[in-house]
2 protein chains.
Amino acid sequence: MTRVTIKDVARIAGVSPSAVSRVFTDGASASEATREKVLTVARDLGYRPSLLARGLVGTRTNLVTLVMGRMHDPFDALFLDELAEALAARGTRLMLASAGRDAAGDSGLLQALDYKSDAVIVAAGTMSPEHADLCVRAGLPVILSGRVLDAPGVDSVLADNVGGGRQAAELLVRTGCRRLAYLGRGGATFSDRERLKGFAGAASRAGIEVATTAVADRDHGTVFQAATDLFAGPAPPDGLFASTDSMAIAAIEAARAVGLSVPDDLSIVGFNNVPAAAWRSNQLTTVDYPIAGVVSGILDLLDSRLADPDRAREVRRIPTGLVVRATTREKHPHRRGCP
Amino acid sequence: MTRVTIKDVARIAGVSPSAVSRVFTDGASASEATREKVLTVARDLGYRPSLLARGLVGTRTNLVTLVMGRMHDPFDALFLDELAEALAARGTRLMLASAGRDAAGDSGLLQALDYKSDAVIVAAGTMSPEHADLCVRAGLPVILSGRVLDAPGVDSVLADNVGGGRQAAELLVRTGCRRLAYLGRGGATFSDRERLKGFAGAASRAGIEVATTAVADRDHGTVFQAATDLFAGPAPPDGLFASTDSMAIAAIEAARAVGLSVPDDLSIVGFNNVPAAAWRSNQLTTVDYPIAGVVSGILDLLDSRLADPDRAREVRRIPTGLVVRATTREKHPHRRGCP
DNA sequence: GGCCATCGTGCAAACGTTTGCAATCGATGC
DNA sequence: GCATCGATTGCAAACGTTTGCACGATGGCC
């Protein structure tokens, strides 16, 4: 019932606690004989170093705090999965701080400090420059996922939202759509803002002005209603870009409900490439969110930042791809080479 | 850059570190004057107690480790959300241990020990009695979610899967289905086994034998294929119970693909009541998984177990409900009262 | 064989708290 | 006025590690 400590191992193995400690920290010098003795005893006793004690004295915790909001979108779960897996493979533990109701990752940041996390990864909640500054000042590296904050020492990794939006627009234009619409949170979210920017920019270069409908909530019902209104309204689009696959799927549903045929009457492009996008009933053309790339970018920046806390702030953008399925039309083949 | 400790606060406030500590642990005696002085200084200095140090000496950590697998199903995210929120509201921190590739929550359990967690909640991975015993012996409470393990001191909370399966069968029988089928993991998963048991039991009481098709993987494509084969096979069912909403939705898709009309030719009932079940394109009748009830049951058991580590093992089953939507038929009204 | 570099080891001081014990203090009851 | 009592406080010892320092042993090199 009482914990087996480093001293127990030391006593039984006939060495000092320091020796045991050195056996368990790689890179430290210990003779082969000692190592073997210690490891044997440790195994027999079932000894495991206390990470609390280790973290208290040591400089590194191997602990990272993740600030996340509620995972309303399947995409969030994918992301968390990938990140958790990557961290685990690296021997890093993950502490979860839900940025629940309170506006900010505020409490999450403090929690990270309380446990002396090596770093905090912020994937949700609004993060004020003040809080970021607080952390950096306290020596806690902050890595933002999916947004950029112009504060010294705060790194960011994100999908190339602007590029993704552009890809969507170019595809729609290329396949003959002329009345483009955007459906999303609009200015309310960092990534949505960027996606819209890329989409509208590319459309404008093709001489098309985008009609944007911003929705207050990503909830399926809300989006379905907004899409229905848009499609049944006075100026229905023939090409729609939704800032999220989930929203795009709701839009597909709405199109069916009002009797529009996809992609004949209406082309739809989503963002993220979640598994459901590939389902038979959706066959959604979408911009692929490079989850693996973003996650490994985060780990990369984590390493760099830990190695050199004073390095310049870095923003890493991971390029997106386009996954063409059945909610967009084929490129008109007869136009090929004979304009 | 250097951390502000309890001694800093003590020095500036002109009291001993003990006094500061007592101000910050409720239930300890401290005069109003001291309290005020200390709190003021602490706020000015931005002092926060180190949870590492506190956990090292104290007996309680306010830290709980959650062992989870990859969240392939949207349901998993819902569950995690609810649990994280409830724990946060209670002031408990949550550490994530993904039971990734390695078969067991094994590594997760060890991680929990390393950080002196107050308890470990196991929601995924197979958990061997040996490991459970290891934990209990080490004084680490284990709470299982969604399964039962017959080991002393290991508590469980689960949805009433058997009851849910029964509800599904009774609904199908009541609405006139006679050729019942089950689609799920079959014996491979604890909850699926129970759901099947409840379903087949109730069907058998109505004189119907259930055709079960067990699928190796919950992946949408796999399930879609299995359902298609079943529907196009020699003995297509007129009532299907899927052990998961996600699988039920894949089945709906398959039914449409082979030209079956739901619910006219085929009734379908799912399990979990995820948001997607309510979508217009699915309108899935399903057994409601009482997430809130399960989560509060977990917290309940957590408290009880911490209060009395030697109490008898407890298994708590939370009743399910039935949410009738459009994938099942209306009860035949003309049969009412005139059999 | 002497010298220097290297390696392995133990001692003791941290790390930032909590908490049992004893002491102080003011008030209360007689 | 004195003994008692409870509340408040400080001291010091834990909690389980890591790590700088010093010291002895070992081995290579000339």
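Residue numbering restarts at 1 for every chain, and letters A, B, ... go by the order of the sequence lines. Note that the coordinates shown come from a computational prediction; the quantities given were computed from them, not determined experimentally.
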Student: Are R90(B) and D303(B) ion-paired here, with the side-chain N under 4.0 Å from a carboxylate O?
Tutor: yes
Student: Name all pairs fulfilling the salt bridge (Lys or Arg N to Asp or Glu O under 4.0 Å) condition that reach into residues 21-34 of chain B, sequence neighbours left out, sorted by first residue then second.
Tutor: none
Student: Mind checking whether Q111(A) and V120(A) have side chains closer than 4.5 Å, heavy atoms only?
Tutor: no
Student: When you compare the side chain of I6(B) with that of P17(B), does any pair of heavy atoms fall below 4.5 Å?
Tutor: yes
Student: Between D118(B) and T61(B), is there a side-chain donor-acceptor contact under 3.5 Å, judged purely by atom types and distance?
Tutor: yes
Student: What verdict does the side chain to side chain contact (heavy atoms under 4.5 Å, CB included) test give for L80(B) and L80(A), after you've listed the backbone C-alpha separation in whole Å, the side-chain angles of each residue and the deciding distance to 0.1 Å?
Tutor: CA-CA 11 Å; L80(B) 175 56; L80(A) 176 55; 3.7 Å; yes
Student: Base, sugar-phosphate, or nothing: which does S31(A) touch, judged by heavy atoms less than 4.0 Å apart?
Tutor: sugar-phosphate
Student: Quick test of your reading of the model: are D155(B) and R316(B) salt-bridged, counting only N-O distances below 4.0 Å?
Tutor: no
Student: Going by atom types only, do T34(A) and S31(A) share a side-chain donor-acceptor pair under 3.5 Å?
Tutor: yes
Student: What is the nucleic acid contact for T59(B), judged by heavy atoms within less than 4.0 Å: base, sugar-phosphate only, or nothing?
Tutor: nothing
Student: Between residues 42-55 of chain B and DNA chain C, which residues have a heavy-atom gap below 4.0 Å?
Tutor: Y47(B), R48(B), P49(B), S50(B), A53(B), R54(B)
Student: Are Y47(B) and F24(B) near enough that their ring centres are under 6.0 Å apart?
Tutor: yes
Student: Contact list please: residues 4-16 of chain A against DNA chain D, heavy atoms, distance less than 4.0 Å, in numerical order.
Tutor: T5(A), I6(A), K7(A)
Student: Want to settle it: does A30(B) or L56(B) sit nearer the 5' end of DNA chain D, counting the closest nucleotide to each?
Tutor: A30(B)
Student: Hey, are the side chains of R147(A) and L144(A) touching, using non-hydrogen atoms and a 4.5 Å cut-off?
Tutor: yes
Student: Does a side-chain heavy-atom distance below 4.5 Å link S98(A) with M68(A)?
Tutor: no
Student: Using a cut-off of strictly less than 4.0 Å between a heavy atom of the residue and any atom of DNA chain C, enumerate the qualifying residues of residues 19-27 of chain B by number.
Tutor: S21(B), R22(B), T25(B)
Student: For a 4.0 angstrom threshold against heavy atoms of chain B, report the outermost contacting nucleotides of DNA chain C in 5' to 3' order.
Tutor: dG16(C) to dG20(C)
Student: Taking D192(A) first and then R218(A), would you say they form a salt bridge - that is, a charged N and a carboxylate O separated by under 4.0 Å?
Tutor: yes
Student: F190(B): which residues meet the ring pair (Phe, Tyr, Trp, His ring centres under 6.0 Å) condition with it, sequence neighbours left out?
Tutor: none
